[in-house]
Amino acid sequence: MAKISASEAKIIEAAPLFRDLTRQQIDDIVAAANLLKIKKNGILFHQSDPAHSTFVIINGRVKLTQLTADGAQTLLRVVGPGQILAVVSALEVMNYPATATAERDSRLLSWDGKTLDRLFFKHPGLSRNALAILSARMREMQERFGELASQRTERRLARALLRLADQVGKKESDGVVLDMALSRQDLAEMIGTTLFSVSRILTDWQARKLVNIGRRKVILRDPERLAHIAEELAH
């Protein structure tokens, strides 16, 4: 496989997929991987394609979007260095549930389903980590479906912004910057509402100095107060 930099090696070692594995085990797993390079806006896989490979990002960032039955596109999540994509390929019975697009130039390790299945058998800790990650993603999606069904728009938007802060947030002097191109339409699609509703709420929150909204940039100026809104404890 292609050469991996020292900084990428550290990202691999700290990745949740390799938690509690020895250096020797990680080296064995990485040696079985292919190294992929994908340019900004390149497609890694399309929704409904057969799920043939699992990926770990070692440089760059990939966003996952899903096309709903009525043709609406939804931004599901943003995945950065050390995070896993498409662990479902190991099951060999599923299709990709979303489209993966590089948000910037990216490098990834990939394993096909048969290789990953062999590695799971050889390194049981790897399979436990993969199942834990898959379980956490399923819980997140269940929570998001629950939000759509039962929560007011302000709470859904606050939760979406806080999730993105966890995924791509960068702490700066004026708050937490969501380090990605993000439009109000993107946010509306994420929480299942209209552009008008998101614009109204963000304008109000900007006046209250909770957020700072640029054309394609969002800064969370007061994440703590947003967390109160997310839990319906705002006052």
Side-chain angles (χ1 to χ4, degrees), residues 1-38 42-66 75-144 163-169:
M1 56 181 291
K3 184 178 179 181
I4 294 173
S5 69
S7 60
E8 290 173 338
K10 290 181 179 179
I11 289 169
I12 292 168
E13 188 170 359
L17 184 61
F18 305 128
R19 182 176 290 119
D20 298 328
L21 299 183
T22 66
R23 178 73 261 171
Q24 185 176 359
Q25 288 174 318
I26 294 173
D27 287 346
D28 182 56
I29 295 164
V30 172
N34 293 312
L35 186 95
L36 302 180
K37 299 178 183 179
I38 182 169
I43 303 296
L44 184 61
F45 52 79
H46 288 92
Q47 180 178 337
S48 299
D49 284 350
H52 56 76
S53 296
T54 293
F55 310 87
V56 169
I57 299 174
I58 56 174
N59 205 321
R61 186 173 295 151
V62 173
K63 63 181 179 181
L64 294 172
T65 56
Q66 189 175 73
L75 176 63
L76 295 180
R77 65 185 294 111
V78 182
V79 186
Q83 294 182 294
I84 190 172
L85 281 167
V87 71
V88 295
S89 75
L91 303 178
E92 297 184 336
V93 294
M94 299 185 69
N95 297 331
Y96 292 121
T99 295
T101 306
E103 212 227 349
R104 56 189 63 178
D105 290 354
S106 301
R107 285 159 56 92
L108 308 93
L109 297 177
S110 75
W111 300 262
D112 62 58
K114 292 186 182 300
T115 299
L116 199 57
D117 187 55
R118 174 178 61 80
L119 292 169
F120 283 164
F121 182 79
K122 186 176 181 181
H123 304 293
L126 180 69
S127 62
R128 287 194 298 269
N129 290 339
L131 285 172
I133 293 168
L134 184 59
S135 177
R137 297 276 173 86
M138 291 178 65
R139 284 197 303 271
E140 178 186 322
M141 295 311 299
Q142 288 172 340
E143 289 173 0
R144 290 178 66 169
R163 272 194 296 264
L164 287 171
D166 286 338
Q167 295 168 15
V168 298

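All heavy atoms count here, side chains included; hydrogens, waters and symmetry mates do not. Numbers here simply count residues along the sequence, with the first being 1. All of these numbers come straight from a predicted model, not from anything done at the bench.
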Report summary line: Those residues at least two apart in sequence (or on a different chain) that pass salt bridge (charged side-chain N to carboxylate O under 4.0 Å, His left out) with Arg104 are Asp179

**Report entry** Atom of Asn95, atom of Pro50 and distance for their closest heavy-atom approach
**Finding:** OD1-CA, 3.5 Å

Report task. Please list, chain by chain and in numerical order, all residues satisfying ring pair (Phe, Tyr, Trp, His ring centres under 6.0 Å) with Phe45, sequence neighbours excluded. Result -> Phe55, Tyr96

Query raised in the report: So, do Phe120 and Leu116 sit near enough that their side-chain heavy atoms are less than 4.5 Å apart?
Result: yes

**Report entry** pair Lys63-Arg77: side-chain heavy atoms closer than 4.5 Å
**Finding:** no

Report task. For the pair Gln83 (side chain) and Gly80 (backbone), establish whether a donor and an acceptor sit closer than 3.5 Å, ignoring hydrogens and angles. Result -> yes

Requested in this report: Measure the CD1-CG distance between Ile58 and Leu36 for me, rounded to the nearest 0.5 Å.
Outcome: 9.5 Å

Query - Heavy-atom donor-acceptor pair, Trp111 side chain to Ile29 backbone, under 3.5 Å - result: yes

Query raised in the report: Got a sec, which residues hit side chain to side chain contact (heavy atoms under 4.5 Å, CB included) with Thr99, two or more places apart in sequence or on another chain?
Result: Ile43, His46, Gln47, Thr65, Thr101

Query raised in the report: With side chains defined as the heavy atoms from C-beta onward, is the minimum distance between Ile12 and Ile26 less than 4.5 Å?
Result: yes

Query raised in the report: Going from CG on Asp112 to CG on Asn34, what distance comes out if it is rounded to the nearest 0.5 angstrom?
Result: 7.5 Å

Requested in this report: For Ile84 and Val79, work out which heavy atoms get closest and say how close.
Outcome: O-CG1, 4.0 Å

**Report entry** Any residue meeting side chain to side chain contact (heavy atoms under 4.5 Å, CB included) with Ser48, in chain and number order, not counting sequence neighbours
**Finding:** none

Report summary line: residues 120-133 vs salt bridge (charged side-chain N to carboxylate O under 4.0 Å, His left out), sequence neighbours excluded, gives Asp28-Lys122

Report summary line: dist Leu17:CG -> Asn129:CG (nearest 0.5 Å) comes out at 6.0 Å

Query raised in the report: Which residues pass the side chain to side chain contact (heavy atoms under 4.5 Å, CB included) test with Ser7, sequence neighbours left out?
Result: Ser5

**Report entry** Close side-chain approach of Leu44 to Leu85, heavy-atom, < 4.5 Å
**Finding:** yes

**Report entry** Separation of Ile11 CD1 from Arg107 CZ (nearest 0.5 Å)
**Finding:** 10.5 Å

Query raised in the report: Once you round to the nearest 0.5 Å, how far does CD of Glu8 lie from CG of Leu108?
Result: 10.0 Å

Query raised in the report: Nearest heavy-atom pair of Gly60 and Pro81: which atoms, and what distance?
Result: O-CD, 3.2 Å

**Report entry** Val78 vs Arg61 side-chain heavy atoms within contact, under 4.5 Å
**Finding:** yes

Query - Nearest-0.5 Å distance, CG of residue Asn59 to CD1 of residue Ile4 - result: 11.0 Å

Query raised in the report: Can you name the side chain to side chain donor-acceptor pair (under 3.5 Å) partners of Ser110, sequence neighbours left out?
Result: none

Query raised in the report: Looking only at heavy atoms, which two atoms of Ala98 and Leu64 are closest? And how far apart?
Result: CB-CB, 4.3 Å

Report task. Just jot down the salt bridge (charged side-chain N to carboxylate O under 4.0 Å, His left out) partners of Asp49, sequence neighbours excluded, or say none. Result -> none

Query raised in the report: Listed by chain and number, what are the side chain to side chain contact (heavy atoms under 4.5 Å, CB included) partners of Pro16, not counting sequence neighbours?
Result: Arg19, Ile133

